[in-house]
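Read the structure below first, then the notes.
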Amino acid sequence: MAVVTRAVKGTHDLLRETLAYHRTVVEATRRWAEAAGAEEIATPIFEHTEVFERGVGPTSDIVQKEMFTFSDRGGRSLTLRPEGTAGVVRAYLEHGMKVWPQPVRLWYAGPMFRAERPQKGRQRQFHQTGYEAIGAAEPEVDAEAVALSWRILTDLGLSRMRLKLGSVGDAEDRERYNAYLRERLNPHAEQLSEDSRRRLETNPMRILDSKAEADRRLLEALKLRPMLDFLGEAARTHFEAVQARLRALGVPFELDPTIVRGLDYYVRTSWEIHHELLGAQSALGGGGRYDGLSELLGGPPAPGVGWALGVERVAIAMEAEGLSPAPAPGLDLYIVPLEPALVPRALEVAAAFWPELRAQYALKARKPGKGLQEAEKKGARFAGLLGPDEAAAGTLTVKNLKTGEQRTLRPEEVKEWIRGGKA
RNA sequence: GUGAGCGUAGCUCAGCUGGUUAGAGCACCGGUCUGUGGAACCGGGGGUCGUGGGUUCAAGUCCCAUCGCUCACCCCA
């Protein structure tokens, strides 16, 4: 197929059922986030590259090899957003949201971009919904965020999920842990994969996440202590409080000491929600606390916690569990002119019903039988026949396609009948 | 970036060891059907068989290359 008739690799048009799934996920996020007092925010889909370099972290895979970065005409480096949090925190700083009542709770939905090789559940343009609570360090907010991300997914009907909870500690805890890992792993460096040898320098914790066979065997043999053993007093107390709040809220989680987020800004609480039927990319969503992010972006201290859900992955999971999205509302009324001369009249009649009724009309005269068939095919609830008699009387013969009930009515009465049937 | 599988109509696919103008179902348009539908039947439009090269009297079919898609690695939502 010619280049101009094909979407770019890793991007997709969303239509019909796919779009219905997306809408369903976004609406569930809206409902739950707004129930918790969050308001919606929409940030630009591109930012100054530094927002992500400094926010997401220079050693992260996202920044090192997955960003769509380009220069504008003035030579400024811009990047299509690979995730939502950095931009939201940038907006928090830019608009002085620190003077709003704290914490500021925000939710969003939109496209994200990462230059990866596409596979199931992974695209170059994908969509996330997300939630951020900025300006509070209390463990209640962590539990609130985790609970929301979990309940949205269960509310969508999903059940084959596991919520993995961990803590990556505070920055100094991680330094101690990384030092420990280097000490234990360095003597065996030659047994590590190439990537992991590099991580030994840049970010040893990421090695724990490695799925390379050699790495797995070595990690198994060394019986390394988990990050959770290295939590400082403050981080440990915080983590225990988060767990207690989650138990009180009835959110089922399992502790996962290996959880290591791919973004450098995370501290303390960190979680991922996985789905059993998903394939290699099994995370439906994830989140964590990012108390240092504001300062990385040059702002004052502003603790925060948030999460994101991968809309495409949630859709795949829903489909795998046999869950259907809410269908888009169809036509209320399909108007059929019975003679060619009445086509313009059909337009006028349909237009008079807008926007109270979803009304469409046929551009060609139809025999009544054909017209009803066509209305059925269009997914309309009612068909309206417009023949010479109706035209002369200023009426429309309207038929309920489901019940077969039929009435000849004036436009106002048509509106009333059809809308009445809705309620 | 690496590996594997797959590319025939809008969709799902058939095309046997190479053999006359490339097929089906669904969908779309029209008719049978002159004011009452969902059916049935009949007909129609729609393909440079991903692309380029090669082998051959002859290529959708065999060979090479290339592009695309998918899945997996890596990593993540």
Side-chain angles (χ1 to χ4, degrees), chain A residues 1-3 5-12 16 25 56 60-66 81-85 109-130 149 153 193-196 198-199 203 206 209-213 215 259-263 271-275 278-288 306-317 334 336-339 342 364-380 382-390 397-406 408:
Chain A
M1 214 179 293
V3 161
T5 58
R6 206 174 46 220
V8 172
K9 182 200 276 286
T11 70
H12 295 278
R16 303 213 156 169
V25 176
V56 176
S60 67
D61 280 12
I62 290 178
V63 169
Q64 288 197 342
K65 55 183 196 192
E66 295 170 7
R81 64 183 183 192
E83 57 95 48
T85 304
M112 307 291 163
F113 306 84
R114 293 185 197 174
E116 300 181 276
R117 190 80 169 262
Q119 71 185 73
K120 186 175 186 182
R122 194 174 75 184
Q123 296 154 223
R124 292 188 169 182
Q125 174 173 339
F126 61 103
H127 297 78
Q128 290 187 335
T129 65
S149 67
L153 294 170
S193 67
E194 195 180 326
D195 281 342
S196 287
R198 183 172 47 77
R199 293 189 191 115
N203 197 347
R206 304 294 304 287
D209 215 21
S210 172
K211 284 159 198 138
E213 187 63 26
D215 295 349
I259 206 150
V260 181
R261 317 267 30 239
L263 287 65
W271 74 97
E272 288 179 1
I273 299 173
H274 289 263
H275 194 269
L278 222 51
Q281 312 301 325
S282 68
L284 294 177
W307 49 260
L309 299 180
V311 176
E312 283 83 357
R313 290 189 189 175
V314 174
I316 294 170
Y334 188 72
V336 180
L338 300 181
E339 294 178 354
L342 292 172
K364 290 195 173 102
R366 298 273 180 240
K367 293 164 189 168
K370 282 285 187 196
L372 294 176
Q373 239 177 81
E374 197 165 286
E376 183 72 32
K377 248 184 283 187
K378 293 267 186 177
F382 292 82
L385 299 181
L386 180 62
D389 298 347
E390 289 86 354
T397 296
V398 178
K399 181 164 191 166
N400 183 324
L401 291 169
K402 206 165 179 181
T403 66
E405 189 183 356
Q406 179 171 311
T408 298

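All chains are named by letter (A, B, ...) in the order of the sequence lines, taking the proteins before the strands, and each is independently numbered beginning at 1.
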Can you check side chain to side chain contact (heavy atoms under 4.5 Å, CB included) on Leu278(A) and Arg313(A), steps first, answer last?
CA-CA 8 Å; Leu278(A) 222 51; Arg313(A) 290 189 189 175; 4.0 Å; yes
Could you give the CG-to-P distance, from Asp389(A) to U34(B), as a whole number of Å?
18 Å
In whole Å, measure the gap between the C1' atoms of C62(B) and U21(B) for me.
24 Å
Leu153(A) has an atom CG; how far is it from atom C1' of A77(B), in whole Å?
11 Å
Considering every strand shown, what is the Watson-Crick or G-U wobble mate of G25(B) when both distances are under 3.5 Å?
C11(B)
Remember a base hit wins even if backbone is also touched, and classify Gly404(A) as base, sugar-phosphate or nothing at under 4.0 Å, heavy atoms.
base
To the nearest angstrom, the CZ-P distance between Phe126(A) and A77(B) comes to 8 Å
Starting from P on C71(B), measure out to CG on Leu278(A) and report it in whole angstrom.
11 Å
Would you mind classifying the nucleic acid contact of Gly121(A) as base, sugar-phosphate or nothing, using non-hydrogen atoms under 4.0 angstrom?
base
Grab the NZ-C1' distance between Lys9(A) and U66(B) for me, whole Å please.
13 Å
Mind checking the P distance from C63(B) to G18(B)? Whole angstroms is fine.
11 Å
Name the closest nucleotide to the Gln281(A) side chain, picking from C73(B), G30(B), G35(B).
C73(B)
Listed nucleotide nearest any side-chain atom of Lys377(A), set C29(B), C76(B), G35(B):
C29(B)
Ranking U70(B), G38(B), G35(B) by distance to the side chain of His12(A), first place goes to U70(B)
From the candidates U36(B), A77(B), G38(B), the one with an atom nearest any side-chain atom of Pro368(A) is U36(B)
Expressed in angstrom and rounded to an integer, what is the separation of Ile62(A) atom CD1 from C74(B) atom C1'?
14 Å
P spacing across the pair U66(B) / C26(B), given as an integer number of angstrom:
41 Å
Evaluate the side-chain proximity of His274(A) to Glu272(A): yes if any heavy-atom separation is below 4.5 Å, no if none is.
yes
On a whole-Å scale, what distance lies between the P atoms belonging to A22(B) and C16(B)?
15 Å
Pairwise C1' distance for G10(B) and G5(B), with rounding to whole Å
25 Å
Quick one: which protein N/O atoms are closer than 3.5 Å to N/O atoms of nucleotides 40-42 of chain B? Pair and distance per line, please.
none

Taking a pair to mean Watson-Crick or G-U wobble geometry with both distances below 3.5 Å, G68(B) pairs with C6(B)
C1' spacing across the pair C74(B) / A4(B), given as an integer number of angstrom
16 Å
Polar pair under 3.5 Å, donor/acceptor by atom type, side chain Gln119(A), base C74(B):
yes
Can you check whether any acceptor in the base of G35(B) is under 3.5 Å from a donor in the side chain of Gln406(A), or vice versa?
no
Would you sort out whether Ile316(A) and Lys120(A) count as a side chain to side chain contact (heavy atoms under 4.5 Å, CB included), showing the intermediate values?
CA-CA 9 Å; Ile316(A) 294 170; Lys120(A) 186 175 186 182; 4.0 Å; yes
Side chain of Lys120(A) only, please: which of G68(B), A77(B), C71(B) is the nearest?
C71(B)
Close N/O contacts between protein and nucleotides 1-10 of chain B (under 3.5 Å):
residue : atom : partner   : partner atom : Å
U2(B)   : O4   : Arg117(A) : NH1          : 2.4

Should the side chain of Arg313(A) and the base of C76(B) be counted as holding a donor-acceptor pair, with the cut-off at 3.5 Å?
yes
Nearest-angstrom distance from the residue atom CD of Glu390(A) to P of U36(B)
13 Å
Provide the distance between the two P atoms, one in G35(B) and one in A40(B), to the nearest whole Å.
24 Å
With distance as the sole criterion, do the side chain of Lys367(A) and the base of U34(B) form a donor-acceptor contact below 3.5 Å?
no
Side chain of Ala280(A): nearest nucleotide among G35(B), C73(B), C29(B)?
C73(B)
Spacing of the P atoms in U12(B) and C69(B) (rounded, Å):
16 Å
Between Glu66(A) (CD) and C76(B) (P), how many Å, whole number?
8 Å
Output for pair (Gln406(A) CD, Leu372(A) CG), nearest 0.5 Å, gives 7.5 Å
